[in-house]
Structure formats: structure tokens, C-alpha cells
Amino acid sequence: MLRQPILLLAKSDKVKKLVSTMPVSSGIVTSYVPGETTESAVDATSVLIDDDLRVTLDFLGEDTLDLAQAEATVAAYKDMLAELSRRGLAGRAEVSVKLSAVGQALPDIGEKTALENAREICRAARNAGTTVTLDMEDHTTTDSTLGILRELRKDFPETGAVLQAMLHRTEADCRALAYEGSRVRLCKGAYMEPETVAFQDRLDVDKSYVRCLKVLLAGQGYPMIASHDPRMIQIASSLASRYGRRAGTYEFQMLYGIRPAEQKRLAAAGETVRVYIPYGQEWYGYLMRRMAERPQNLTFFLRSLVSKK
């Protein structure tokens, strides 16, 4: 019941100004974001890799309407990729990119700019020895994002896609993307979407997630199962066995700071597990979506706000 109010709160400029004055080291923030710099993110990556986990890194920022900011985001990713390569981590760490952070929302030139910038990041990733996954945002960007993905895959077929089970269209999108060499991350979805395009009931979202899992695991691609739900993880493991999937032909993905013991347990059992690490100064929107997903953290979060100096 708290999910929609929290997402609405995330759009409040007053709340954003208040929350954004919190240092990134404050309580609930560091539970989900290891730091603001490339160095802090790479250090967190190194620790996880030492625990036999893999990583995908997201330089936080979205919905930019400033070309210079989009270019700065590209530069940040290139810096990250160079550092991963320098420290010998690129083989087990990739990057996740939101197209709206690299220009997709710019008037008139958005798709062209986003494609060019994403292509530059993909090239840097390949040179570093790793890959890029295009994050999915709200439903208004789905067609544009999948169109840019198709263009990128002409030169960089290793580029990953993300699909959100809460959208009515996603099962069909899974069928379209379940081909050999196609990497697809399936998540439930973290955006507030209208009932015309998305399931509103949690059970309906879960049912859609399982239907999509079946399509991806029965297909020829590389499914990336993004869920912290114990029941979904169990279902995914059973389906992988049913469809003859060997370990290493799919992977589990979880967010940084959520169920770390389960991440290690799955890895110890021989599963490939990738942890999504966000970093950077623009952590507010990301944090509020995590609050919406896990409202039980709201009390701790509000206490941090009240007690800050």
C-alpha cells in the first residue's frame, strides 16, 4: 500500500532537496549505494568478486535534458571501464546504462544522441573485455530502448536487454528476445505504471514473471534472473532444471545490499550470481525506488532524516 505514495514522494522537489542534503555515508543510503566515486564503486566490486560474485555497475542519473550532462555520464562510464580493466576486474564486472542518462530524453535529438553515446560506451566496454546491459525505464521509453538495442546489437551483439514483468507486453518481448546470444535481464519492475499497460496486483506480476521465465529459460538466449524473492528463485531453479539448463547458461542477479547471504549461498552452490552496484551523486531516485520496493525500510529512512544535523 505504501509503494505508490513513496514513488509520488520521490517526485517532490522539496523532499528531494531535503534528502539530497544527507551525506552518502548516512545509514540507509550506504545500504544500497557504496559511494559516489569510481574508486568507491570499484572497491566494492573487488570485495564482491573476491566472494565469487559477479557485478554490474550503474552510474546513477536519468532523465537528463542537458547534452553536457549526457556526455559527462559517458565519460564516467569510460573512466569506470578503464579502472576495471586496470585492476583486472573487467572479466567479472560489466556496466548497466540507462539511456535517459545519456540523452534519450533530449528534445528532437534524443534517440540519435542516446544511440551514439551508448555505442561509445559499448566500444569502451569491449576494449576493456566486458559488456553493457541497457537498463529499462518507465513504459514510455520501452519501444525506444528496444529500438536502440537492435541498432547496438548490429555491432555489439553482446549488449544485454532488460524487461519488466509488470508490463502486459513483456511476455511477447521475451519471445522476441529469446534467441541465441541474446542476454536478457528479467525483473519485476520498479516504476509506477498505469493499469492500461501494467499489472497492478502483486500476484499478477508474479504470475507474469513466471510466464516470462519459462519463455526465456526454454529459449536459446542467456537469461539473467533479477529477483530477491525466495519463491521466484526456487521456481527459476526448478525451471532451469526442467529445461536442461546447465549452470553458467543463465545467472541470478540481485541488488547491492539486499540478501547478501543468499547471494553467497547461490554462488557457493555453483550458480552464477551478479550484483547490481549503483554509484554516483544522483542516488535520490534510485533510493526512493528501493524504498517503494521495501517499505519496511521507510521507518529507518525517516529516522535518518529527522536525526540529521
Side-chain angles (χ1 to χ4, degrees), residues 3-4 6-13 15-17 19-20 22 24 29 32-38 41 56-80 94-122 132-149 152 159-164 166-167 185 187-194 197-198 226 253 255-256 276-293:
R3 184 173 185 273
Q4 290 193 354
I6 293 172
L7 289 174
L8 288 172
L9 195 66
K11 297 180 181 295
S12 167
D13 290 337
V15 175
K16 180 177 181 179
K17 184 176 180 180
V19 175
S20 296
M22 296 172 65
V24 76
V29 182
Y32 299 113
V33 182
E36 296 183 336
T37 65
T38 294
T56 186
L57 291 136
D58 172 19
F59 180 70
L60 292 168
E62 55 192 280
D63 298 328
T64 184
L65 296 175
D66 185 290
L67 182 59
Q69 181 58 46
E71 292 171 347
T73 296
V74 174
Y77 273 109
K78 291 170 71 174
D79 180 60
M80 168 59 71
E94 62 143 35
V95 295
S96 290
V97 177
K98 286 182 173 62
L99 290 176
S100 76
V102 296
Q104 188 181 32
L106 292 170
D108 301 322
I109 60 171
E111 288 200 5
K112 180 176 183 293
T113 301
L115 174 59
E116 291 173 352
N117 284 336
R119 186 176 281 128
E120 189 171 349
I121 296 170
C122 286
V132 173
T133 294
L134 296 186
D135 271 332
M136 190 61 76
E137 302 179 67
D138 73 84
H139 80 278
T140 64
T141 66
T142 302
D143 284 329
S144 172
T145 298
L146 292 178
I148 291 171
L149 175 73
L152 284 173
T159 305
V162 177
L163 297 174
Q164 301 174 103
M166 71 183 301
L167 298 182
R185 177 195 300 156
C187 62
K188 289 185 180 180
Y191 293 87
M192 186 170 63
E193 304 283 17
V197 301
Q253 295 193 353
L255 297 172
Y256 179 82
Y276 187 105
I277 294 183
Y279 73 103
Q281 296 180 349
E282 300 297 321
W283 46 262
Y284 175 76
Y286 177 87
L287 174 67
M288 295 305 282
R289 285 195 292 277
R290 300 295 79 78
M291 290 296 97
E293 290 171 350

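What you are looking at is a predicted structure, and each value in this text was computed from that prediction instead of being measured. No hydrogens, no waters, no symmetry mates; every other heavy atom, side chains included, goes into these values.
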* **Considering all heavy atoms, the nearest Ser96-Thr56 contact** => OG-OG1, 2.7 Å
* Excluding sequence neighbours, so at least two apart, what forms ring pair (Phe, Tyr, Trp, His ring centres under 6.0 Å) with Phe59? -> Tyr279
* Asked: Got a second to check how far Leu146's CG is from Met136's CE, nearest 0.5 Å?
  -> 4.0 Å
* Any salt bridge (Lys or Arg N to Asp or Glu O under 4.0 Å) pairs touching residues 132-147, not counting sequence neighbours? -> Lys98-Asp135, Asp135-Arg185, Asp143-Arg169
* With side chains defined as the heavy atoms from C-beta onward, is the minimum distance between Tyr77 and Asp58 less than 4.5 Å? -> yes
* To do: Evaluate the side-chain proximity of Val162 to Leu134: yes if any heavy-atom separation is below 4.5 Å, no if none is.
  => no
* How far apart are the closest heavy atoms of Gly189 and Gln164, and which atoms are they? -> CA-OE1, 3.6 Å
* Can you list the residues that meet the side-chain contact (heavy atoms from CB on, under 4.5 Å) rule with Asp108, with sequence neighbours excluded? -> none
* Structure fact -> Applying side-chain contact (heavy atoms from CB on, under 4.5 Å) to Thr64 and not counting sequence neighbours gives Asp66, Gln69, Ala70
* Heavy atoms, side chains only, cut-off 4.5 Å: are Thr142 and Leu167 in contact? -> yes
* Under the side-chain hydrogen bond (donor to acceptor under 3.5 Å, both in side chains) test, residues paired with Gln104 that sit two or more places apart -> Ser144, Thr145
* Distance (rounded to the nearest 0.5 Å) between Thr133 OG1 and Leu57 CG -> 11.5 Å
* **Residue pair Pro34 / Pro278: nearest heavy atoms and the distance that separates them** => CD-O, 3.0 Å
* Asked: Could you give all pairs that pass the salt bridge (Lys or Arg N to Asp or Glu O under 4.0 Å) test and reach residues 110-120, with sequence neighbours left out?
  -> Lys78-Glu120, Lys112-Glu116, Arg119-Asp155
* To do: Output all residues satisfying side-chain contact (heavy atoms from CB on, under 4.5 Å) with Cys122, sequence neighbours left out; order by chain, then residue number.
  => Val132, Leu152, Phe156, Thr159
* Asked: Quick one: are Pro194 and His139 in side-chain contact, heavy atoms under 4.5 Å?
  -> yes
* Qualifying residues under side-chain hydrogen bond (donor to acceptor under 3.5 Å, both in side chains), relative to Thr73, sequence neighbours excluded -> none
